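Computed from a predicted structure; not experimentally measured.
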Amino acid sequence: MSERSEPIPNEPRVADSATRVFVVHRNLLFTVAYEMLGSAADAEDVLQETWLRWVGVDLATVREQRAYLVRIVTRLALDRLRTLGRRKESYIGPWLPEPLLTTPDVAEDLELAENVSMAMLLVLETLAPTERAVFVLREVFDLNYDEIAEAVGKSPAAARQLAYRARAHVAARRPRGTASPAETRAALQAFQHAVETGDLQGLLDILAPDVVALSDGGGIKHALLRPIVGADKVARLLATGWWKRDAERSVEPVQINGGPGLLIRINGEIDGVLAVSLENGYITGAYHVRNPEKLSHLHHETPITR
């Protein structure tokens with residue numbers, strides 16, 4: 001993470017206009033950067049760079065302050081995304097997005113919750129950087145094509161074509177169904193009980209036949225080096241799993257990226273998080289993040305918005 005020479009303000013304590021404007025849009029800007037990068041640490045760095053550029057702008061020349069800030073964030077995030085792509089090429093095992101502990105209101109906004117979910121962020125990983133930026137700005141934040149074109153350095157016609165291509169790409173890979181709040185609660189309760197007790201049949205009852213389990217230890221913690229596919233294999237993995245039999249362990253239901261998940265503690269310390277995706281009441285994806293470098297945003301809720 002880059003060294004921060006000047007803190008980003010979180011509250012409008014200073015009368016300065018630039019500060020007030022930045023604070024108003026901070027959560028939005030973080031969400032844009034996070035959607036593009038899948039990394040909260042890198043999104044925070046992008047916000048820091050955005051702030052440093054913003055304070056040097058003559059506000060009298062800015063017509064649309066929100067659009068201007070989004071443009072700065074997008075361009076910086078695109079540069080960072082290309083760097084991350086090279087870094088991921090040497091990553092040990094599957095790379096998963098950095099999980100966020102989110103507030104209940106994120107889950108209530110079904111469209112936002114889907115777009116920041118672990119499953120969707122993995123789909124976005126399959127897009128080229130500029131396609132990803134265009135998709136995020138258009139489909140998540142509903143910017144017009146003129147604004148998107150300025151943000152990504154393309155013509156409006158090119159931005160429209162990129163959006164069309166990205167939309168088709170994502171549509172072919174995005175989760176196929178949704179789960180009601182009641183189905184989500186029931187599935188998570190059953191899942192938590194089965195994981196805690198090692199109930200193999202209980203897991204088989206709530207896992208979709210083609211469920212996929214991914215695990216990210218970053219080469220630091222023990223984790224799966226490849227995806228595990230199929231209810232029987234995933235159930236056996238979760239029933240025996242990562243548990244240290246001689247350690248005190250606890251599992252707490254939480255909201256992860258707007259969806260259901262379990263916060264896992266070993267001897268009182270956060271050991272990882274297990275986020276799940278649901279379709280029609282069945283678990284279709286299990287995303288286990290243990291890389292310590294990706295767990296810092298599990299100690300507090302992160303506000304995201306659009």
Review point. In terms of side-chain geometry, is the basic nitrogen of Asp232 or Arg236 positioned less than 4.0 Å from the acidic oxygen of its partner?
Key: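 Looking at Asp232 and Arg236, the cut-off is met.
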Exercise for review: Answer yes when Asp142 and Arg306 have at least one side-chain N-carboxylate O distance shorter than 4.0 Å, and no when they do not.
Suggested key: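 Judged by the 4.0 Å cut-off on N to carboxylate O distance, Asp142 and Arg306 do not form a salt bridge.
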Could you pull out the closest heavy-atom pair between [X] and [Y], with the gap in Å?
| X | Y | result |
| --- | --- | --- |
| Ala107 | Gln255 | CB-OE1, 3.4 Å |
| Gly261 | Ile256 | CA-CG1, 4.2 Å |
| Ala33 | Ala43 | CB-CB, 3.8 Å |
| Ala133 | Leu78 | CB-CD2, 4.0 Å |
| Ala239 | Leu203 | N-CD1, 3.7 Å |
| His288 | Leu96 | O-CD1, 3.7 Å |

In one Ile/Leu/Val/Met/Phe/Trp/Tyr side-chain cluster, 4.5 Å: [X], [Y]:
| X | Y | answer |
| --- | --- | --- |
| Leu224 | Val276 | yes |
| Leu295 | Val116 | no |
| Leu200 | Leu237 | no |

How about [X] and [Y]: does a side-chain donor come under 3.5 Å of a side-chain acceptor?
| X | Y | value |
| --- | --- | --- |
| Thr284 | Ser277 | yes |
| Tyr34 | Asn257 | yes |
| Tyr282 | Asp205 | no |
| Thr103 | Asp105 | yes |

Please check: side-chain N/O of [X] versus main-chain N/O of [Y], any donor-acceptor pairing under 3.5 Å?
| X | Y | result |
| --- | --- | --- |
| Arg75 | Val70 | no |
| Arg26 | Val21 | no |
| Glu98 | Ala40 | yes |
| Glu49 | Val46 | no |

Are the side chains of [X] and [Y] in touch, meaning some heavy atoms are under 4.5 Å apart?
| X | Y | result |
| --- | --- | --- |
| Thr130 | Arg82 | yes |
| Pro94 | Asp216 | no |
| Leu101 | His299 | no |

Point to revise | Stepwise side chain to side chain contact (heavy atoms under 4.5 Å, CB included) check, Arg132 with Thr126 | key: CA-CA 9 Å; Arg132 182 170 184 169; Thr126 64; over 6 Å; no
Review point. Going from CH2 on Trp95 to CG on Asn291, what distance comes out if it is rounded to the nearest 0.5 angstrom?
Key: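 Result: 11.0 Å between the selected atoms.
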**Study point:** Spacing of Leu162 atom CG and Lys154 atom NZ [to the nearest 0.5 Å]
**Key:**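 One gets 6.5 Å once the value is rounded to the nearest 0.5 Å.
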Review point. Residues in side-chain hydrogen bond (donor to acceptor under 3.5 Å, both in side chains) with Arg66, at least two apart?
Key: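 Checked Arg66 against side-chain hydrogen bond (donor to acceptor under 3.5 Å, both in side chains); zero matches.
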Point to revise | Partners passing side-chain hydrogen bond (donor to acceptor under 3.5 Å, both in side chains) against Asn115 (at least two apart in sequence or in another chain) | key: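 None.
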Check your understanding: Pick one: which of Arg138, Arg160, Arg71 meets side-chain contact (heavy atoms from CB on, under 4.5 Å) with Ile148?
Key ->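 So the option named by the test is Arg138.
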Review point. Listed by chain and number, what are the salt bridge (Lys or Arg N to Asp or Glu O under 4.0 Å) partners of Arg173, not counting sequence neighbours?
Key: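 Arg173: no salt bridge (Lys or Arg N to Asp or Glu O under 4.0 Å) contacts found.
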Exercise for review: State which residues pass salt bridge (Lys or Arg N to Asp or Glu O under 4.0 Å) with Arg185; sequence neighbours excluded, sorted by chain then number.
Suggested key: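 None.
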Give a yes or no on whether [X] atom [atom1] has more than 12 heavy-atom contacts from other residues, nucleotides or ligands under 6.0 Å away.
| X | atom1 | value |
| --- | --- | --- |
| Lys233 | NZ | no |
| Glu293 | CD | no |
| Tyr164 | OH | no |

**Study point:** For Tyr68, ring pair (Phe, Tyr, Trp, His ring centres under 6.0 Å) partners two or more places apart
**Key:**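 Partners of Tyr68 by the ring pair (Phe, Tyr, Trp, His ring centres under 6.0 Å) criterion, ordered by chain and then number, come out as Trp54.
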Review point. Ring pair (Phe, Tyr, Trp, His ring centres under 6.0 Å) with His297: which residues, sequence neighbours excluded?
Key: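 Only His300 meet the ring pair (Phe, Tyr, Trp, His ring centres under 6.0 Å) criterion with His297.
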Practice item. Mind running side chain to side chain contact (heavy atoms under 4.5 Å, CB included) on Leu122 and Tyr287 for me, showing each step along the way? Key: CA-CA 10 Å; Leu122 285 174; Tyr287 314 101; 3.7 Å; yes
